[in-house]
J.: 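Sharing a structure, written as structure tokens. Questions coming.
Letters A, B, ... mirror the listed sequences (proteins, then strands); counts begin at 1. Because the structure is a prediction, the values reported are computed rather than measured.
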There are 2 protein chains.
Amino acid sequence: MVTIYDIAKIAGCSPTTVSKVFNDYSDVSPKTRAKILETAEQLGYLPNAHARSLTMKRSWTIGVLFNEPSGAGILHPYFAGVIEGFKKVSTSKGYDLMFVTKDIGGKKSGYVEHCKIRGVDGVVVILPDYGDPYFQELLDSDIPCVLLDQESEQKSTICSDNIAGAMQAVEYLHRLGHRRIGHIGGGHSFAGEKRLQGYLRAMENLNLPVEPQYVIQGSYDYTMESGQAAMEELLLTDELPTAVFAAGDNLAVGAMMTLKKRGLRVPDDISLIGFDDIEMVKFLTPALTTVRQDTYALGSKAADMLIYTIEGGSGVQTAMLPVEIVIRESCRSL
Amino acid sequence: MVTIYDIAKIAGCSPTTVSKVFNDYSDVSPKTRAKILETAEQLGYLPNAHARSLTMKRSWTIGVLFNEPSGAGILHPYFAGVIEGFKKVSTSKGYDLMFVTKDIGGKKSGYVEHCKIRGVDGVVVILPDYGDPYFQELLDSDIPCVLLDQESEQKSTICSDNIAGAMQAVEYLHRLGHRRIGHIGGGHSFAGEKRLQGYLRAMENLNLPVEPQYVIQGSYDYTMESGQAAMEELLLTDELPTAVFAAGDNLAVGAMMTLKKRGLRVPDDISLIGFDDIEMVKFLTPALTTVRQDTYALGSKAADMLIYTIEGGSGVQTAMLPVEIVIRESCRSL
DNA sequence: CTGAAAGCGCTAACAA
DNA sequence: TTGTTAGCGCTTTCAG
């Protein structure tokens, strides 16, 4: 391994000067700088991040924290989009991403411990297990964090405008002439609750009655399975709603499948609108109308916020990104 | 920050002894060990991974390399399953995972460079861009690697038994009475080519004629879109096949959508079988019959192989995991 | 503009 | 069983 000492020796200068060159200090003569760069190139020098971190107390590493048991974790399109956006801007600013788990070295020890041992500069939290005490511990720590889809007074947060999105969905259905509008909810997740709120608020604004039997809670994991089950339940009511707003596309897809299985047609018999705009829904028949969440933007903005904090910015920030309704074929006008 | 010096001072011993305790050396008396552990606990001591890596020349970090432009990357269920399995065993053995990119510090520099700077102990490669010169450079390097779905003489590799899987699919269709069997391929990916091979071999074994017009290449990204397009093309032939084997579930889903759109029924008019068994296909109507790939097992086995190499094991290993056909509703017997 | 010296926190010979 | 000493590769005063 070639070090700055090797370069210094060959370039005929001190290690300090070499270091300065690589850290863009201005007090190095063009001539020595050139010489150093040249020999570094020749020797194939690469800096050692660990040594660097050790002295600087800064690792240029960001931890990624997401739900551990796969199920709702990395498999979820939401996660994928967010992480992609996050990665893009964080790498462009010199940070690398590292998975943070509760375990380290094969022992259960918690997120904070893991972060401190690895010396990550900050952590982005996506889809965590809310009630997890290890997660709470992280919230209480002094580690810079940004949380997605979460409320907190301790850490910066970012989310889509779930309430507005849900309201838009309901208002759209209303404009199409629907009055009996049902809701399949995302359970007790942050987003699920906001979307339910939006639904309720819009119904109220529009003077539409909220039938308790039209409001079904799916499970917080937003699976198709859960959407199927919710729709089964909804179908038990004597007079069906003419339209249903599902709190997530997966829920909507599940609901759609159940409808088909029962011989009901979308949108002829029942209109359906989702939330998220995951990749696949535009390929469905009928293509799903939904509220698009810009996961990539969520991720990149989250990175901006976190890096701001890491680099000394103070104060807890909150951001909310607009959503837009994407009209396709799953809602009909009455 | 608490260091081993702090502990040594308070526990009344030398830093060396403290270090020994944390590295499970046997030559420490139970008494001092206890004392050290106790004061470490009191002070809230946490080891510093960077310092450790610096001296040991070992970072207990594994790089994760996957296709960079999101499209076919992290969003693909294949990736998700594999990484989950990989993460499980590698963290249990004390390794953390870090994303490896071509860029570092905001500059394009290549995978090898990134790995060396960060001092990762090894790299797992999933869905890389084959032709990428940076990827070639990694292959030529001395960095321990394990490649998924790839052929190589330089690095260890692991994949599912794609050929056998494809053959099973065709044989199954044959058993159901199908003779005109088409194929929607996965393009020039490793898996795509193997599956095509398996299809051809099975057809030959069964003395079935391979109609060139029945073999359509989807794009290597295995999208639903590509499956739709492939099926459109297939529908141009005058006499349709009675069954189609698609090299990936997404392709199959796309194909199914096109069929529905064209008023053809699965499996009544045409039988369809996929490959992968991604989450969603069991929720389709009809539920998709497919060849299941055990992505989790792929990931965990890959971790075993890589760690074996990292920890001094020699030689290039290859592994191939069996697949199994999952029979659901999308194929009918003639 | 350049460099000597100290130190980041830890491990590993080697003595004692 | 314990401790001394010397690094690992880098950055950072501070003096020249």
J.: Which residues satisfy the ring pair (Phe, Tyr, Trp, His ring centres under 6.0 Å) test with A/H114, sequence neighbours excluded?
T.: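 Not a single residue meets the ring pair (Phe, Tyr, Trp, His ring centres under 6.0 Å) criterion with A/H114.
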J.: Using the ring pair (Phe, Tyr, Trp, His ring centres under 6.0 Å) criterion, which residues pair with B/F22? Sequence neighbours excluded.
T.: B/Y45
J.: For DNA chain C, determine which residues of residues 13-31 of chain A have any heavy atom closer than 4.0 angstrom to one of its atoms, and list them numerically.
T.: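 Result for residues 13-31 of chain A: A/C13, A/S14, A/T16, A/T17, A/K20, A/D27, A/V28, A/S29, sorted by number.
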J.: Considering only distance and modelled atom types, tabulate donor-acceptor pairs under 3.5 Å from the side chains of residues 34-44 of chain B, sequence neighbours left out.
T.:
residue : atom : partner : partner atom : Å
B/E38   : OE2  : B/Q42   : NE2          : 3.4
B/T39   : OG1  : B/I36   : O            : 3.3

J.: Which nucleotide span of DNA chain C, 5' end to 3' end, has atoms closer than 4.0 Å to non-hydrogen atoms of chain A?
T.: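 Contact span on the strand: C/dC1 to C/dG9.
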J.: Less than 4.0 Å between a side-chain N and a carboxylate O, is that true for A/D103 and B/K87?
T.: no
J.: Let me test you: for the helix from C/dC1-D/dG16 to C/dA16-D/dT1, what is the angle between the axes at its two ends (five pairs each), rounded to 10 degrees?
T.: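 The helix from C/dC1-D/dG16 to C/dA16-D/dT1 shows an end-to-end axis angle of 40°.
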J.: Determine the interplanar angle of the A/H50 and B/H50 rings, folded into 0 to 90°, and report it as parallel if under 30°, tilted if 30 to 60°, perpendicular if over 60°.
T.: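 Tilted.
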J.: Could you tell me which residues satisfy side-chain contact (heavy atoms from CB on, under 4.5 Å) with A/K20, sequence neighbours excluded, listed by chain and number?
T.: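 Expected list: A/T16, A/Y25, A/D27, A/V28.
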J.: Show me the donor-acceptor pairs, under 3.5 Å and distance only, between side chains in residues 305-316 of chain A and residues at least two apart or in other chains.
T.:
residue : atom : partner : partner atom : Å
A/T309  : OG1  : A/M305  : O            : 3.1
A/E311  : OE2  : A/Y95   : OH           : 2.8

J.: Test of understanding: with side-chain hydrogen bond (donor to acceptor under 3.5 Å, both in side chains), list the residues that count as partners of A/S29, not counting sequence neighbours.
T.: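 Applying side-chain hydrogen bond (donor to acceptor under 3.5 Å, both in side chains) to A/S29 gives A/T32.
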J.: Quick one: side-chain hydrogen bond (donor to acceptor under 3.5 Å, both in side chains) partners of A/D24, sequence neighbours excluded?
T.: none
J.: What range of DNA chain D does chain B touch, first nucleotide to last, counting atoms under 4.0 Å from its heavy atoms?
T.: D/dT1 to D/dG9
J.: Sequence neighbours left out, what passes side-chain contact (heavy atoms from CB on, under 4.5 Å) with A/D149? Give chain and number order.
T.: A/Y78, A/C159, A/N162, A/F190, A/A191, A/Q293
J.: Evaluate A/D132 against A/Y111 for side-chain contact (heavy atoms from CB on, under 4.5 Å), listing each step before the verdict.
T.: CA-CA 10 Å; A/D132 187 346; A/Y111 299 122; 3.8 Å; yes
J.: Base, sugar-phosphate, or nothing for B/T32, non-hydrogen atoms under 4.0 angstrom?
T.: sugar-phosphate
J.: Which of these passes salt bridge (charged side-chain N to carboxylate O under 4.0 Å, His left out) with A/D121: A/K116, A/R58, A/K93?
T.: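 Filter result, single survivor: A/R58.
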